[in-house]
Amino acid sequence: MTAAPNLVNAPEFTVSELSSALKRTVEDRFGHVRVRGEITGFRGPHSSGHCYFALKDESAKIEAVIWKFAHARMRFKPQEGLEVIATGKLTTYPNSSKYQIVIDSLEPAGVGALMALMEERKKKLAAEGLFDEARKQLLPWLPEVIGVVTSPTGAVIRDILHRLEDRFPRRVLVWPVKVQGEGSAEQVAAAIRGFNALPEGGRIPRPDLLIVARGGGSLEDLWSFNEEIVVRAAAESHIPLISAVGHETDITLIDFVADKRAPTPTAAAEMAVPVRSELFAEVAALARRTMVCWQRGQEARRNELRAAARALPAANELLAIPRQRLDHLGAGLPRGLKANTHAHFRRFAASSSRLTIGVLRGQVAHARQRLTVSGERITLSARALLHRRRERFSGLEIRLKASKLANAKAQRNAIARDLERTHRLAERAHRALKTALQRMEARVAHRGQLLSALSYRGVLERGFALVRDERGHSVHAAADIGPSASLSVEFADGRVAVTTDADRPPPTTRKVQAPRETKPAAPKRAAKPVDQGSLF
């Protein structure tokens with residue numbers, strides 16, 4: 001009886017409010033967790049790019065989700081049955097009232113998981129035939145250019161260069177890459193494909209041999225060389241490739257697909273080139289053996305020639321029988337000529353007896369008949385040919401008329417288009433000319449206003465006057481005017497001639513320039529008018 005009132009007074013929640021409260025509680029309490037378990041129910045990424053599966057152990061299971069952007073940057077991708085350590089946060093899914101973990105990063109659970117993943121990947125690639133011996137290429141005996149894919153700062157590249165310098169110096173191209181850590185697998189694969197993409201005879205020479213090298217390390221350090229992208233890039237390489245990753249006991253998947261595996265980077269350099277000093281010694285030994293063999297052969301052939309020369313008969317003995325045969329045949333030649341002439345005469349006589357007038361007439365009649373038949377056949381053929389030519393010419397005439405009509409129509413259309421374009425251009429030219437004239441008129445009006453503003457006549461209109469002497473020069477000071485001087489005073493409405501007073505005192509002594517009569521003005525100043533003139 002007491003529990004019922006308490007339940008009645010309890011606050012009410014909607015399903016959404018309760019789900020949101022539970023979601024906030026779970027996310028606040030488990031904002032960042034690391035969970036170890038086995039992946040189950042993984043069927044690959046969804047069509048949206050997100051991954052949905054579950055993590056389980058011996059007695060429990062939790063739903064998991066990896067969003068698309070997080071899955072794209074993951075180094076280790078989820079696989080069915082793989083034991084992993086997942087890092088993320090717990091949340092709830094209100095639509096089904098269950099909690100799940102949103103995974104941000106994923107890593108295998110220990111070395112055992114890495115080995116299991118490596119074995120599974122090895123079986124998969126072997127089933128595709130990437131490890132078959134038939135696919136492997138032979139290494140070049142003496143490569144001209146060697147491409148090395150490794151870190152430029154490690155001791156590996158120095159060991160390789162030192163060993164090559166000791167054995168047989170060759171040109172080396174180094175493609176610097178990261179050999180461990182995030183993004184290293186992509187860089188190694190890009191370097192292998194980049195060397196294969198170099199053109200023959202280009203600015204950068206294409207290597208004849210590739211060496212993918214790295215020093216020793218743990219399985220995690222060497223894991224980049226177990227990635228599928230690196231293995232497939234090595235399998236697709238058209239350039240022979242040597243794998244020199246780690247030490248003798250380190251095994252990676254690139255070792256199985258490479259054309260040759262080297263236990264160390266130094267051993268890879270030894271496999272790449274022979275020893276030059278040994279080659280020199282071997283070539284010298286072969287040259288000596290060749291000379292000795294040649295001398296022995298010459299001596300043997302010289303002995304054989306001497307023995308053969310002793311066994312040959314003399315020239316007179318060889319020509320005796322042919323000479324006797326020639327004399328015998330020469331003696332019988334006249335008789336043979338007579339017999340041959342007689343036989344030909346008999347054959348000619350037999351043939352002439354068969355040549356009679358009747359035979360000739362029959363041959364002539366047969367030839368005439370053949371000629372008649374041939375003439376009739378020629379006549380029929382000529383008629384048939386003429387008929388075919390007439391039909392062909394009729395068809396050509398029809399096509400020519402149609403073509404002429406079409407051509408004439410096309411020409412009319414072209415003329416109409418050109419006429420329309422000419423009208424448009426004429427209108428545009430008229431508008432452009434009108435605009436240009438308006439601009440010129442505006443410029444002329446502006447220049448006229450400027451000229452009026454700068455002209456001295458505007459000053460005269462304000463009540464001032466311009467005084468000139470007898471020579472028409474403007475007078476600037478009263479001291480320059482002498483007694484009884486004739487002056488011209490210009491007003492705004494005209495000019496007035498005036499004469500100064502006779503009793504005007506003489507001008508005060510001042511520094512005056514030389515008389516104007518003795519020093520004429522410069523030609524350009526004499527030519528310039530007194531007024532402002534035209535600005536144009």
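We number each residue from 1, following the sequence as shown.
- Across Val245, Ile254, Ile251, a single residue satisfies side-chain contact (heavy atoms from CB on, under 4.5 Å) together with Arg261, and that is Ile251.
- Formation of a donor-acceptor pair under 3.5 Å by the Asp104 side chain with backbone atoms of Gly88 is not found in this model.
- Arg424 has a carboxylate O that lies under 4.0 Å from a charged side-chain N of Glu420, or vice versa, which qualifies the two as a salt bridge.
- Within a 6.0 Å sphere centred on CZ of Arg421, other residues, nucleotides and ligands contribute 12 heavy atoms or fewer.
- Rounding to the nearest 0.5 Å places CG of Leu466 at 6.5 Å from CG of Leu460.
- Considering only heavy atoms from C-beta on, Glu120 comes within 4.5 Å of Gln79 through its side chain.
- In this structure, Phe168 and Val275 have side chains that are not in contact, with every pair of non-hydrogen atoms separated by 4.5 Å or more.
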Requested in this report: Start with the C-alpha distance between Val257 and Leu125, add both sets of side-chain angles, then the distance that settles side-chain contact (heavy atoms from CB on, under 4.5 Å), and finish with yes or no.
Outcome: CA-CA 9 Å; Val257 75; Leu125 297 175; over 6 Å; no
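- The CD atom of Gln369 lies 10.5 Å from the OG atom of Ser374; values are rounded to the nearest 0.5 Å.
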Requested in this report: Please report the C-alpha distance between Ile103 and Met74 in whole Å, then the side-chain angles of each, then the deciding distance to 0.1 Å, and finally whether the side-chain contact (heavy atoms from CB on, under 4.5 Å) criterion is met.
Outcome: CA-CA 10 Å; Ile103 299 175; Met74 281 185 176; 3.9 Å; yes
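- The closest side-chain heavy-atom distance from Phe256 to Leu130 is not below 4.5 Å.
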Report task. Could you give me the CA-CA distance, side-chain angles and deciding distance for Ile160 and Val148, then say whether side-chain contact (heavy atoms from CB on, under 4.5 Å) is met? Result -> CA-CA 9 Å; Ile160 292 176; Val148 180; 4.1 Å; yes
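- For CD of Glu128, the number of neighbouring non-hydrogen atoms (other residues, nucleotides, ligands) closer than 6.0 Å is greater than 12.
- At a cut-off of 3.5 Å, with distance as the only test, no side-chain donor of Asn226 or Thr252 sits close to an acceptor on the other residue.
- Taking both residues in full, the closest heavy atoms of Pro143 and Ile146 are given as CG-CG1, 3.9 Å, listed atom of the first, atom of the second, then distance.
- The shortest side-chain heavy-atom distance between Phe131 and Val231 falls under the 4.5 Å cut-off.
- Side-chain atoms of Ser237 and Asn196 form a donor-acceptor pair, as typed in the model, at a separation below 3.5 Å.
- Under 3.5 Å, the side chains of Arg158 and His162 contain no donor-acceptor pair of N or O atoms.
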Query raised in the report: What's the verdict on side-chain contact (heavy atoms from CB on, under 4.5 Å) for Val188 and Val212, showing C-alpha distance, side-chain angles and the deciding distance?
Result: CA-CA 8 Å; Val188 173; Val212 180; 4.3 Å; yes
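- Salt bridge status for Lys124 with Glu228: present, with a side-chain N to carboxylate O gap under 4.0 Å.
- Between the side chains of His387 and Glu391, at least one donor-acceptor pair of N or O atoms lies under 3.5 Å.
- The closest donor-acceptor contact from the side chain of His50 to the backbone of Lys68 lies under 3.5 Å.
- The two residues Pro207 and Phe195 make their nearest non-hydrogen contact at CG-CD2, 3.4 Å.
- Screening residues 136-150 for side-chain hydrogen bond (donor to acceptor under 3.5 Å, both in side chains), with sequence neighbours left out, gives Glu144-Arg170.
- Taking CZ from Arg377 and CZ from Arg370, the interatomic distance works out to 10.5 Å, rounded to the nearest 0.5 Å.
- Remark: the Thr264 side chain and the Thr266 side chain contain no N/O donor-acceptor pair separated by less than 3.5 Å.
- Formation of a donor-acceptor pair under 3.5 Å by the Ser394 side chain with backbone atoms of Arg390 is found in this model.
- In Lys178, the NZ atom is crowded: over 12 heavy atoms of neighbouring residues, nucleotides or ligands sit closer than 6.0 Å.
- Between Val230 and Leu253, every side-chain heavy-atom pair lies at or beyond the 4.5 Å cut-off.
- If you take CG on Leu209 and CE on Met271, they are separated by 11.0 Å, rounding to the nearest 0.5 Å.
- How far CG of Leu139 is from CG of Asp259: 6.5 Å, rounded to the nearest 0.5 Å.
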For a quick test of your reading: what N or O donor-acceptor pairs under 3.5 Å do the side chains of residues 401-414 make, sequence neighbours left out?
from	atom 1	to	atom 2	distance (Å)
Asn413	ND2	Lys409	O	3.2

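- Side-chain contact check for Arg171 versus Pro205: some heavy-atom pair is nearer than 4.5 Å.
- No side-chain heavy atom of Ile101 sits less than 4.5 Å from a side-chain heavy atom of Val65.
- The closest donor-acceptor contact from the side chain of Arg468 to the backbone of His473 lies at 3.5 Å or more, if one exists at all.
- Taking the side chain as every heavy atom from C-beta outward, Arg206 and His238 approach each other to under 4.5 Å.
- Nearest heavy atom pair, residue Pro265 against residue Arg214, reads CG-O, 3.9 Å.
- Minimum heavy-atom separation, Gly215 to Leu222: O-CD2, 3.8 Å.
- The CZ atom of Phe225 sits 11.0 Å away from atom CD of Glu227, with the distance rounded to the nearest 0.5 Å.
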